> 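Provided herewith is a single structure, encoded as structure tokens, for subsequent inquiry.
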Amino acid sequence: MASDVIIIGGGSAGMFAGARLKEMGLEPIVMEPSGQTLRKLRISGKGRCNLTNNCTVTQVMKNVIRNPKFLYSALDNLSPQDTMEWFENHGVPLKTERGGRVFPVSDKASDVAAALENRGVRVVKDRAVKILTENGGVTGVQGEHGEYKATAVILATGGKSYPKTGSTGDGYSLARKCGHTISEPMASLVPIETKERFSDELYSLTIKNVTLSLYGVKKKPIYSELGEMSFTRYGIAGPLSLSASCFIDDKQDYKIVIDLKPGLSMEQLTKRIQRDFDETPNTPFSESLGKLFPRELRADMVRLSGIDRDKPCNQITREEKENLAKVTKALTLTVTGLRPIEEGIVTRGGVNVKEINPATMESKIVSGLYFAGEIIDCDGMTGGYNLQIAFATAETAVRAISNTTQDGEATWE
């Protein structure tokens, strides 16, 4: 079977590449072992699909953790605004929410998937086992069920996170066989495991408008952000936890400090505590925290404060009140590790960017081999940045292939 371009992987990068190639008059084939495309995209953003971030290219790069400069050309080819324009032109009205996050107005990831799948791209149910080359250039792909001929191949298999959606790491093996080196795949945007444990009630609670700060060996935080998080039986999860995980490796020890009342200074919080106690002078301490904390959090705050739960409020010392304020402003957790890569939203690591031409996404080792999406060693924070990376790198590969194949300028539709 012959085609203009073979795309290995039916995820976001692969399907966007296929859609854009069709718009440029080329006939691509997408190889997808399951035959089912965009499985990971359909569950992203809790089924709503945060497909990009409505911000500048500079802001995107600031939110890319590894190798942001490598993406400069790709983001110049396809900015977040270009991504939004493409989807809106293909029947997906969009809206911008907190932090610039962009979602379909329908809140349905299936609408985003449909825009990519309805472009008439041929999907073949087959697993790529080898990229065929001759004289240093691509000639096609060997699949489990047949051989596919083409002079251009886009490797867009994703990483190793969420393997049930097809991200099994096959692309790393294919890239290695072509002579590429792989930075060790690890989980990114993943829940964090901590030493500390909490009461069963707390595991059902999501707390909002708190500040989470991640510290390493230095006094200044590596990461600090206001948002929401949740406690789990192994540690913490939620948006703040996922973002903090991007900065954690096995090279140093980390601690997390949570400010449960970031809107109040220590002095203001101490006065607030005194005021609450004055209103209920004879009430036991454990029953006096109703205005300060959610019900699920109170038992743990009583324990962490070190104050006798049955002590009347009018007998609590100044030192004890200050200690309660300190714990509230700096609930400290000891990081013991990250959850397994299978639980990560994206994969950090992948094909070494030094071996890829950033202007074309073409391999510097094998001509005609291109990379797109999560298989590349670039990953970003939560907020739509990783899908933007997928679309932008796919667009860059597509433009390069179109220029080579048709000896003309790539078009934008």
Side-chain angles (χ1 to χ4, degrees), residues 98 191-216 219-245 253-337 339:
R98 178 182 58 83
I192 298 171
E193 296 182 348
T194 64
K195 177 181 178 181
E196 292 75 14
R197 294 294 179 265
F198 300 91
S199 62
D200 289 343
E201 278 192 320
L202 194 53
Y203 300 140
S204 63
L205 175 67
T206 295
I207 50 177
K208 300 181 179 181
N209 299 317
V210 299
T211 298
L212 184 150
S213 300
L214 175 71
Y215 291 85
K219 292 183 178 180
K220 289 186 177 181
I222 301 168
Y223 164 83
S224 186
E225 192 64 56
L226 175 73
E228 67 179 70
M229 57 162 287
S230 57
F231 293 89
T232 68
R233 297 190 182 279
Y234 51 76
I236 58 173
L240 289 177
S241 171
L242 298 181
S243 293
S245 73
D253 295 328
Y254 298 90
K255 68 176 181 179
I256 286 171
V257 177
I258 301 166
D259 185 345
L260 296 170
K261 297 293 179 181
L264 300 175
S265 67
M266 184 69 73
E267 181 181 358
Q268 290 171 328
L269 179 57
T270 303
K271 289 180 178 179
R272 161 75 184 276
I273 291 170
Q274 181 64 62
R275 189 166 60 248
D276 288 352
F277 287 176
D278 287 343
E279 292 177 1
T280 56
N282 298 311
T283 301
F285 172 57
S286 61
E287 299 176 15
S288 68
L289 301 177
K291 293 183 178 181
L292 200 59
F293 305 114
R295 175 185 55 79
E296 298 90 343
L297 183 57
R298 292 168 202 164
D300 287 289
M301 294 309 295
V302 169
R303 174 177 58 82
L304 292 168
S305 73
I307 302 171
D308 185 334
R309 58 178 290 109
D310 297 320
K311 194 171 188 178
C313 290
N314 59 7
Q315 293 183 21
I316 296 175
T317 67
R318 178 180 177 180
E319 182 180 357
E320 289 174 324
K321 293 167 193 170
E322 290 177 348
N323 190 56
L324 174 60
K326 288 178 183 178
V327 172
T328 303
K329 294 288 290 180
L331 175 56
T332 303
L333 307 176
T334 307
V335 176
T336 57
R339 295 296 288 171

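In this text the structure is predicted, and so the values were computed from the model without any measurement. By convention here, the first residue in the shown sequence is residue 1.
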> Rounded to the nearest 0.5 Å, what separates atom CE in Met301 from atom OG in Ser199?
11.5 Å
> Please report the C-alpha distance between Val302 and Ile307 in whole Å, then the side-chain angles of each, then the deciding distance to 0.1 Å, and finally whether the side chain to side chain contact (heavy atoms under 4.5 Å, CB included) criterion is met.
CA-CA 6 Å; Val302 169; Ile307 302 171; over 6 Å; no
> Enumerate the side-chain hydrogen bond (donor to acceptor under 3.5 Å, both in side chains) contacts for residues 231-242, please, sequence neighbours excluded, ordered by first and then second residue.
Asp200-Arg233
> For Thr283, which residues count as a side-chain hydrogen bond (donor to acceptor under 3.5 Å, both in side chains) partner, sequence neighbours excluded?
none
> Start with the C-alpha distance between Glu201 and Phe231, add both sets of side-chain angles, then the distance that settles side chain to side chain contact (heavy atoms under 4.5 Å, CB included), and finish with yes or no.
CA-CA 10 Å; Glu201 278 192 320; Phe231 293 89; over 6 Å; no
> Tell me, please, which residues at least two apart from Asn314 pass side-chain hydrogen bond (donor to acceptor under 3.5 Å, both in side chains).
Asn282
> Could you tell me the separation between the CG atom of Leu260 and the CG atom of Asn209, rounded to the nearest 0.5 Å?
11.5 Å
> Among residues at least two apart in sequence or on other chains, which ones pass salt bridge (charged side-chain N to carboxylate O under 4.0 Å, His left out) with Arg309?
none
> Identify, with sequence neighbours excluded, every residue that meets side-chain hydrogen bond (donor to acceptor under 3.5 Å, both in side chains) alongside Arg298.
none
> Run the side-chain donor-acceptor check on residues 219-229: report pairs under 3.5 Å with partners two or more places apart or on a different chain.
unit_1 : atom_1 : unit_2 : atom_2 : d
Ser224 : OG     : Ser213 : OG     : 2.8

> Distance from Ile258 atom CD1 to Leu240 atom CG, nearest 0.5 Å?
8.5 Å
> Output all residues satisfying side chain to side chain contact (heavy atoms under 4.5 Å, CB included) with Asp308, sequence neighbours left out; order by chain, then residue number.
Asp310, Lys311
> For Thr194 versus Gly235, what's the shortest heavy-atom pair and its separation?
OG1-CA, 3.4 Å
> In chain order, what residues pass the side chain to side chain contact (heavy atoms under 4.5 Å, CB included) check against Glu319, with sequence neighbours excluded?
Thr317
> Would you compute the distance between atom SG of Cys313 and atom CG of Leu289 and round it to the nearest 0.5 angstrom?
7.5 Å
> Working to the nearest 0.5 Å, report the span between NZ of Lys321 and NZ of Lys326.
14.5 Å
> Would you say the side chain of Val335 lies within less than 4.5 Å of the side chain of Asp253, judging by non-hydrogen atoms?
no
> What residues, two or more places apart in sequence or in another chain, satisfy ring pair (Phe, Tyr, Trp, His ring centres under 6.0 Å) together with Tyr254?
none
> For the atom pair CZ (Phe277) and CD1 (Ile316), what is the distance rounded to the nearest 0.5 Å?
4.0 Å
> So does Pro284 get a backbone contact from the side chain of Ser286, meaning a donor-acceptor N/O pair under 3.5 Å?
no
> Answer whether the closest heavy-atom distance between the side chains of Phe198 and Ile236 falls below 4.5 Å.
no
> Strictly distance-based, threshold 3.5 Å: is any side-chain N or O of Ser245 a donor or acceptor partner for the main-chain N or O of Leu242?
yes
> Kindly write out the residues that satisfy side-chain hydrogen bond (donor to acceptor under 3.5 Å, both in side chains) with Lys208, not counting sequence neighbours, or none if the list is empty.
none
> For Pro262 and Thr211, work out which heavy atoms get closest and say how close.
CB-OG1, 3.4 Å
> Can you pull the salt bridge (charged side-chain N to carboxylate O under 4.0 Å, His left out) pairs that have at least one residue in residues 257-273, sequence neighbours excluded?
Asp259-Lys329, Glu267-Lys271, Arg272-Asp276
> Any side-chain heavy-atom pair from Leu214 and Ile192 closer than 4.5 angstrom?
no
> Check whether any side-chain heavy atom of Lys195 sits under 4.5 Å from a side-chain heavy atom of Leu333, and report yes or no.
no
> So, for Leu269 and Ala325, which heavy atoms are closest and what is the spacing to 0.1 Å?
CD2-O, 3.6 Å
> List the residues meeting side chain to side chain contact (heavy atoms under 4.5 Å, CB included) with Arg318, not counting sequence neighbours, and say none if there are none.
Glu322
> Within a strict 4.5 Å, meaning less than it, do heavy atoms of the Phe293 and Asp300 side chains meet?
no
